[in-house]
Amino acid sequence: MNIPTAITKISPTLWEIPVSYKEGMLVPARIFATEKLLSEMDAGVFDQVTNVASLPGILKYAYCMPDGHWGYGFPIGGVAAMDPHTGVISPGGIGFDINCGMRLVLTNLTEEEVRPRLHQLVDRLFARIPTGVGCHGFVRLSESEFGQVAEQGSRWCFKRGFATQDDLDMTEEGGCFAGADASHISNKAIQRGYNQLGTLGSGNHYCEIQVARPENVFDAQLARAFGIDIPNQVVVMFHCGSRGFGHQVATDYLKLFLSVMERKYGLKVVDRELSCAPFRSPEGEAYFSAMKCAVNMAFANRQVILHRIREVFSDIFQRDPFNLGMKMVYDVAHNTAKLERHEIDGKQREILIHRKGSTRAFGPGGYGLPECYAKTGQPVIIGGSMETGSYLLAGMAGGADAFFTTAHGSGRTMSRHQAKKTFRGDKLQRDMESRGLYVRTDSFGGLAEEAGAAYKNIDEVAETTERAGLSRRVARLVPIGNIKG
DNA sequence: ATGTTC
């Protein structure tokens with residue numbers, strides 16, 4: 001058993017490790033999980049979340065969500081809010097894949113209408129959306145035009161005809177984090193990124209055709225408000241981020257911070273992977289701006305992919321995509337740092353929130369939400385493994401204590417290496433097809449790594465976030481087609 | 001996650 005003996009149970013879905021657990025902790029660590037999910041977490045989670053609790057300027061608690069697992073420096077599933085004046089910013093608290101995120105798109109088609117053309121549809125998506133490591137997109141950009149993508153995000157897509165105003169409205173922050181300045185980006189990052197717009201990537205990135213079956217709708221009223229109102233309605237969910245561009249931004253600044261952290265700022269961290277800089281320092285501010293460039297590139301990436309998905313559906317079903325009801329439910333990031341206003345000890349304050357493998361989940365009335373979601377709370381998209389389904393949820397008022405944050409996915413229980421040794425991709429593909437799920441992939445090895453059995457149970461994760469008051473389940477979405485890298 | 005080891 002990996003669970004520290006010092007842990008105390010605050011509620012059936014919340015656990016706390018006190019500051020006395022480890023020298024240097026400034027705040028307690030809190031983990032949202034059932035006893036079962038807690039017991040499935042690797043020891044690295046407890047080690048890392050308590051390391052995060054020692055970072056300068058951290059406020060309230062270092063959090064970990066129920067899908068938490070070991071990551072680079074911070075656990076994946078981590079949440080850390082810093083005082084912007086005294087605190088640090090850490091790339092490890094955001095992740096290498098900056099603005100990795102989820103997008104959910106409606107159709108007005110039913111499973112019965114899509115099934116006969118499923119193979120054709122998935123094959124065409126696989127042909128039109130580049131997948132795999134190092135893949136390139138169809139949008140031809142000069143390096144300076146790419147700088148505009150990085151600064152403008154989805155707004156650049158709107159100008160180029162790849163987005164509607166409604167798409168922008170249904171994206172977190174309108175698809176553009178303000179304050180992105182491409183002068184903080186290295187040439188190397190631009191070289192890696194400028195031809196990657198509209199590409200899915202590899203690993204757990206995918207584009208899925210899913211069905212909202214009536215028996216899987218948890219809250220019919222919220223489902224209707226989110227546009228799910230036909231029995232067996234088909235939706236499209238996809239998961240990807242900022243590709244090699246964001247990876248290079250993270251690499252560049254991790255290295256820069258390591259060179260100045262101790263020498264220039266006297267910051268000592270217990271793990272080099274917690275490389276950081278004061279938020280209010282030239283290096284910290286440059287990273288925050290560069291990170292926003294990667295955030296915006298990822299929003300634009302998902303927007304161009306949506307444009308292609310609409311083209312494919314339009315070709316296959318011989319109708320305009322908007323006649324097919326292809327409207328976005330929402331696009332939400334799960335690897336970012338943001339300045340947000342939250343109530344801390346009874347006072348409204350601006351704080352710097354790191355969310356790494358955790359999702360913003362504003363409750364009803366949350367600021368900046370589109371008017372249509374003012375009463376429902378923000379749509380939250382939690383992606384499961386490709387075999388087991390995903391969830392649409394809604395932010396809840398009870399999320400305030402966790403800075404309105406919830407889980408992001410299933411969370412691995414088995415390492416990629418272990419999964420590759422345990423499963424065979426070609427057999428998995430045949431098994432999935434016999435269960436009515438048609439999957440296309442660039443790499444059978446990559447497919448084996450994503451086997452459902454290598455992940456936590458998504459139903460338990462989603463239910464735990466609801467019991468903890470973080471996000472209410474709206475509908476469970478079952479995959480029938482999948483393309484992955 | 002990632003031109004999967006600068």
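Every chain is numbered from 1, with letters handed out A, B, ... down the list of sequences. Since the model is a prediction, treat every value here as computed from it, not as a measurement.
- Residues A:Ile483 and A:Asp442 fail the side-chain proximity criterion, which asks for heavy atoms closer than 4.5 Å.
- By the 6.0 Å and 45° rule, A:Arg263 does not stack over the aromatic ring of A:Tyr265.
- Spacing between atom NE2 of A:His136 and atom P of B:dT2 amounts to 12 Å, rounded to whole angstrom units.
- The residue A:Glu449 sits apart from the nucleic acid: no heavy atom pair falls under 4.0 Å.
- Here the C1' atom of nucleotide B:dC6 and the CZ atom of A:Phe96 are 13 Å apart, to the nearest Å.
- Of the residues in residues 241-252 of chain A, A:Arg243, A:Gly244, A:His247 come within less than 4.0 Å of DNA chain B through at least one heavy atom, sorted by number.
- Between the C1' atom of B:dT5 and the OH atom of A:Tyr72 lies a distance of 14 Å, rounded to the nearest Å.
- Heavy atoms of A:Lys188 sit under 4.0 angstrom from at least one base atom.
- Counting to the nearest Å, the P atom of B:dT5 and the NE2 atom of A:His417 are 13 Å from each other.
- In this pair, A:Tyr287 and A:Tyr253 present their aromatic rings tilted. The plane angle is within the 30 to 60° band.
- In this entry the distance linking CG of A:Asn99 with P of B:dT2 reads 13 Å, nearest Å.
- The separation between A:Ile98 atom CD1 and B:dT2 atom C1' is 12 Å, rounded to whole Å.
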Which atom pairs, one a donor and one an acceptor, fall under 3.5 Å between side chains of residues 269-280 of chain A and the rest of the protein, sequence neighbours left out?
residue, atom, partner, partner atom, Å
A:Asp271, OD1, A:Glu273, N, 2.9
A:Glu273, OE1, A:Gly73, N, 2.7
A:Ser275, OG, A:Leu254, O, 3.0

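- Straight-line distance from the NE2 atom of A:His239 to the C1' atom of B:dT2: 14 Å, rounded to whole Å.
- For the ring pair (Phe, Tyr, Trp, His ring centres under 6.0 Å) test with A:Phe226, the passing option among A:Tyr373, A:Tyr391, A:Tyr330 is A:Tyr373; the others fail.
- Checked by atom type and distance alone, the side chain of A:Lys456 pairs as donor or acceptor with a backbone atom of A:Gly68 at under 3.5 Å.
- Between the NZ atom of A:Lys484 and the C1' atom of B:dT2 there is a distance of 14 Å, given to the nearest Å.
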